[in-house]
Amino acid sequence: MRLPEKLMGYVEYEGVNYPFNFDKDSFVITLFPPSIEHHRQTSSLAEYFVDVSKYEKKHAWIQQKKIFGKTSENYHVVFNVSETRCNYNGFFSFAVIWYCCYVGDDTLNNIDGMKITSPEVEYYYSPRNALKQSAEINKGTGSLKAMSVTAIETEPKSGGKYRLAPHVDASIKFESYAVMHFSAAEAPIDARSVMVTFFSCPIEIDLLIPAAIYAKCFLKYVTYRTNIKIGNIEIFRVDSEHKRERCGYLVFEENCHAENSKKVHDRIIDFAILGGKTAKVFTAIKNKKIDFQYMCESIGTTSNYSSNRAIMILAEFEREYRNIFGQDYGRSQEYQETKKELLDTMQEFIKQRKGKSRKYAKQFYHTIEAHDSSFGERIKNAMVECRAIMEPFVKSKYDGVYDTIVEEICDRMNTVRNGIAHSRLDLNLEAIHLSDLKIIEELLYAMQLQYLHIGSRSIRIGIKKLFGENIAVE
């Protein structure tokens with residue numbers, strides 16, 4: 001099947017079949033009244049007040065719902081929409097979060113895999129794997145005599161697998177293939193790369209959605225930017241001969257601008273670095289060990305450090321530090337034992353209290369429980385653990401001995417963090433603070449990838465590529 005250029009047809013909503021039209025630009029579905037009589041009923045003032053009363057002063061998150069129907073091509077379609085509807089004189093419209101166009105009555109309950117084609121997938125796993133280049137040099141002149149590009153068949157490369165649900169594994173594979181063009185306006189031969197995910201057993205659409213989101217988040221992580229477009233995700237079944245049978249497309253709203261930097265091909269941690277450990281990053285994303293709020297929108301904004309972005313970078317470091325090293329990492333055994341004994345004693349004390357006394361005792365308990373080393377000490381601990389990775393990046397930005405430089409970075413970042421935490425209005429980011437923040441950004445990747453057991457050399461190469469560092473890291 002092919003995804004229709006226009007989506008229109010009929011959907012069922014509240015027991016009534018409505019003609020619909022879907023606007024791909026605004027990602028809004030509009031339902032048209034099926035008759036003049038029905039239009040009179042839904043455009044009345046009473047119907048307006050019914051809509052208002054549904055959502056007034058509920059103080060609850062807006063829910064989502066699915067609307068099912070058929071397109072003009074007789075394909076099945078499901079729209080996942082925001083429950084709040086707009087009623088324009090009896091014409092209902094909904095903001096669409098995602099939609100799926102498919103064939104087969106049971107497709108949404110029997111999905112064997114998905115295939116993602118996007119520029120970022122091709123940056124991660126090069127399409128050149130499907131091409132072989134050769135050249136012949138003229139021995140007399142030293143000039144190029146002949147050159148050829150040949151399509152070759154390649155085996156899919158495994159990125160590993162991760163646990164999607166208690167009884168479902170997702171296996172990630174990357175494929176490259178050659179494409180021949182017959183148009184005079186195009187190059188005669190080209191190549192593509194795709195990311196294919198196979199599920200250990202057929203899954204439902206509600207489980208496919210997070211799998212697709214994890215894939216998009218993965219591409220955000222390896223590019224360090226959020227303007228990722230994954231396009232129309234192909235969903236498929238696998239037949240008895242182990243051949244993929246395309247049965248539909250899943251489409252999300254993507255309102256970001258495509259990346260236009262000339263450096264886009266190079267600014268990525270690619271498959272050559274992660275290889276079969278790609279799925280480890282998926283696992284970390286699924287387990288919420290990686291966040292994306294601090295990331296840049298595009299390559300062009302990587303060098304812009306506003307106060308808001310500085311806050312998000314430092315907050316992400318604290319979160320990842322706790323996830324990877326734990327709260328009392330680096331503290332002496334005596335400190336940890338004393339803290340544990342004190343908290344145990346306070347637990348017994350709390351049980352004996354009542355009313356406000358119990359409330360205050362719990363507050364004291366949580367204060368001691370959260371007591372930790374300073375922000376600067378945590379940076380120092382991480383820099384010591386990741387020294388084999390971070391040293392060339394630190395030495396490229398500062399003069400001096402590594403340990404001394406780290407102490408100075410820790411002092412400055414501790415001052416910045418405390419100033420932000422206490423809302424100091426006179427706090428200004430100086431030029432050296434921008435270098436410090438860049439080191440923290442690179443440290444975030446060093447910590448996470450080292451925790452995922454990626455080799456130090458590979459991590460150094462990955463960070464160099466991702467942040468465009470012009471230094472030797474071999």
Side-chain angles (χ1 to χ4, degrees), residues 221 224 269 273 280-281 284 289-291 294-296 302-303 305 309-333 335-336 371-421 429-474:
Y221 181 75
Y224 194 52
I269 299 175
I273 294 165
K280 288 182 177 290
V281 180
K289 301 298 183 183
I290 299 175
D291 197 22
Y294 74 103
M295 290 188 174
C296 312
T302 54
S303 57
Y305 290 96
R309 187 171 167 220
I311 291 170
M312 296 304 295
I313 291 170
L314 299 181
E316 180 61 16
F317 171 79
E318 293 199 76
R319 195 184 73 85
E320 289 206 18
Y321 182 90
R322 285 194 302 270
N323 288 338
I324 293 171
F325 297 106
Q327 189 169 0
D328 294 324
Y329 175 83
R331 290 293 189 138
S332 66
Q333 185 175 352
Y335 171 90
Q336 295 186 38
H371 186 270
D372 199 358
S373 54
S374 69
F375 184 76
E377 282 295 320
R378 293 196 285 274
I379 294 178
K380 181 179 178 180
N381 291 337
M383 292 288 278
V384 169
E385 286 295 325
C386 299
R387 178 169 184 160
I389 301 166
M390 294 301 301
E391 190 160 12
F393 302 105
V394 171
K395 291 289 188 68
S396 71
K397 295 179 177 62
Y398 310 90
D399 294 323
V401 180
Y402 182 82
D403 292 337
T404 304
I405 297 171
V406 168
E407 289 281 358
E408 293 170 351
I409 294 173
C410 293
D411 290 341
R412 288 192 296 268
M413 287 291 93
N414 200 53
T415 300
V416 170
R417 187 264 184 193
N418 290 339
I420 291 171
L429 293 178
E430 299 177 6
I432 196 168
H433 291 144
L434 305 189
S435 295
D436 296 342
L437 286 168
K438 177 65 73 176
I439 286 293
I440 300 300
E441 289 179 287
E442 293 170 346
L443 180 59
L444 284 169
Y445 276 85
M447 290 162 54
Q448 187 62 246
L449 294 177
Q450 181 172 271
Y451 182 70
L452 298 178
H453 303 292
I454 309 298
S456 295
R457 179 179 176 275
S458 295
I459 298 174
R460 289 196 301 269
I461 295 172
I463 292 175
K464 174 184 176 178
K465 285 169 56 64
L466 187 63
F467 291 94
E469 297 282 16
N470 188 23
I471 59 173
V473 296
E474 297 295 329

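One is the number of the first residue; the rest follow in order along the sequence.
The distance from atom SG of Cys410 to atom CD1 of Ile405, rounded to the nearest 0.5 Å, is 11.5 Å. The CD1 atom of Ile313 sits 12.0 Å away from atom CG of Leu443, with the distance rounded to the nearest 0.5 Å. How far OH of Tyr321 is from CE of Met447: 8.0 Å, rounded to the nearest 0.5 Å. How far CD1 of Ile454 is from CD1 of Ile461: 12.5 Å, rounded to the nearest 0.5 Å. Distance check, rounded to the nearest 0.5 Å: CZ of Arg412 to CG of Asn414 gives 12.0 Å. Within the model, atoms CG of Leu444 and CZ of Arg319 stand 9.5 Å from one another, a figure rounded to the nearest 0.5 Å.
Under the rule for a salt bridge (Lys or Arg N to Asp or Glu O under 4.0 Å), Lys289 has no partner lying at least two apart in sequence or in another chain. Residues meeting the side-chain contact (heavy atoms from CB on, under 4.5 Å) test with Ile290, sequence neighbours left out: Tyr221, Val281, Ala284, Ile285, Phe292, Gln448. Not a single salt bridge (Lys or Arg N to Asp or Glu O under 4.0 Å) links Glu408 to another residue, sequence neighbours left out. Taking Lys438 as the reference, Tyr305, Lys397, Glu441, Glu442, Phe467, Glu469 meet the side-chain contact (heavy atoms from CB on, under 4.5 Å) condition, with sequence neighbours excluded. Residues satisfying the salt bridge (Lys or Arg N to Asp or Glu O under 4.0 Å) test with Arg387, not counting sequence neighbours, are Glu391, Asp403.
Contact annotation: the side chain of Glu320 never approaches that of Tyr451 to less than 4.5 Å [non-hydrogen atoms, C-beta and beyond].
Among residues at least two apart or in separate chains, there is no ring-ring contact (aromatic ring centres under 6.0 Å, His included) pair with a member in residues 376-398.
The pair Glu318-Arg417 meets the salt-bridge criterion, with a side-chain N (NZ, NE, NH1 or NH2) lying under 4.0 Å from an Asp/Glu carboxylate O. Using a 4.0 Å cut-off between a side-chain N of Lys or Arg and a carboxylate O of Asp or Glu, Lys380 and Glu377 do not qualify as a salt bridge.
Nearest heavy-atom pair across Ala310 and Leu437 is CB-CD1, 3.9 Å. Residues Pro392 and Ile471 share a closest heavy-atom pair of O-CD1, 3.6 Å. Of all heavy-atom pairs spanning Lys395 and Tyr402, the tightest one is CE-N, 3.9 Å. Annotation for Leu452 and Lys280: closest pair O-CD, 3.2 Å, computed over non-hydrogen atoms.
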**Criterion side chain to side chain contact (heavy atoms under 4.5 Å, CB included) on Met312 and Met295, from CA distance to verdict** = CA-CA 9 Å; Met312 296 304 295; Met295 290 188 174; over 6 Å; no
**Message:** Working note: Ile439 + Ser435, criterion side chain to side chain contact (heavy atoms under 4.5 Å, CB included); need CA distance, chi angles, decisive distance, verdict.
**Reply:** CA-CA 6 Å; Ile439 286 293; Ser435 295; 5.8 Å; no
**Request:** Check step by step if side chain to side chain contact (heavy atoms under 4.5 Å, CB included) holds for Val406 and Ile379.
**Result:** CA-CA 8 Å; Val406 168; Ile379 294 178; 5.6 Å; no
**Request:** Test side chain to side chain contact (heavy atoms under 4.5 Å, CB included) on Ile273 and Lys465 and set out the steps.
**Result:** CA-CA 11 Å; Ile273 294 165; Lys465 285 169 56 64; 4.2 Å; yes
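The aromatic ring centres of Tyr294 and Phe317 sit 6.0 Å or more apart.
Only one option out of Ile459, Val473, Leu449 pairs with Ile389 in a side chain to side chain contact (heavy atoms under 4.5 Å, CB included); it is Ile459.
In this structure a side-chain-to-backbone donor-acceptor pair under 3.5 Å is present from Arg460 to Ala388.
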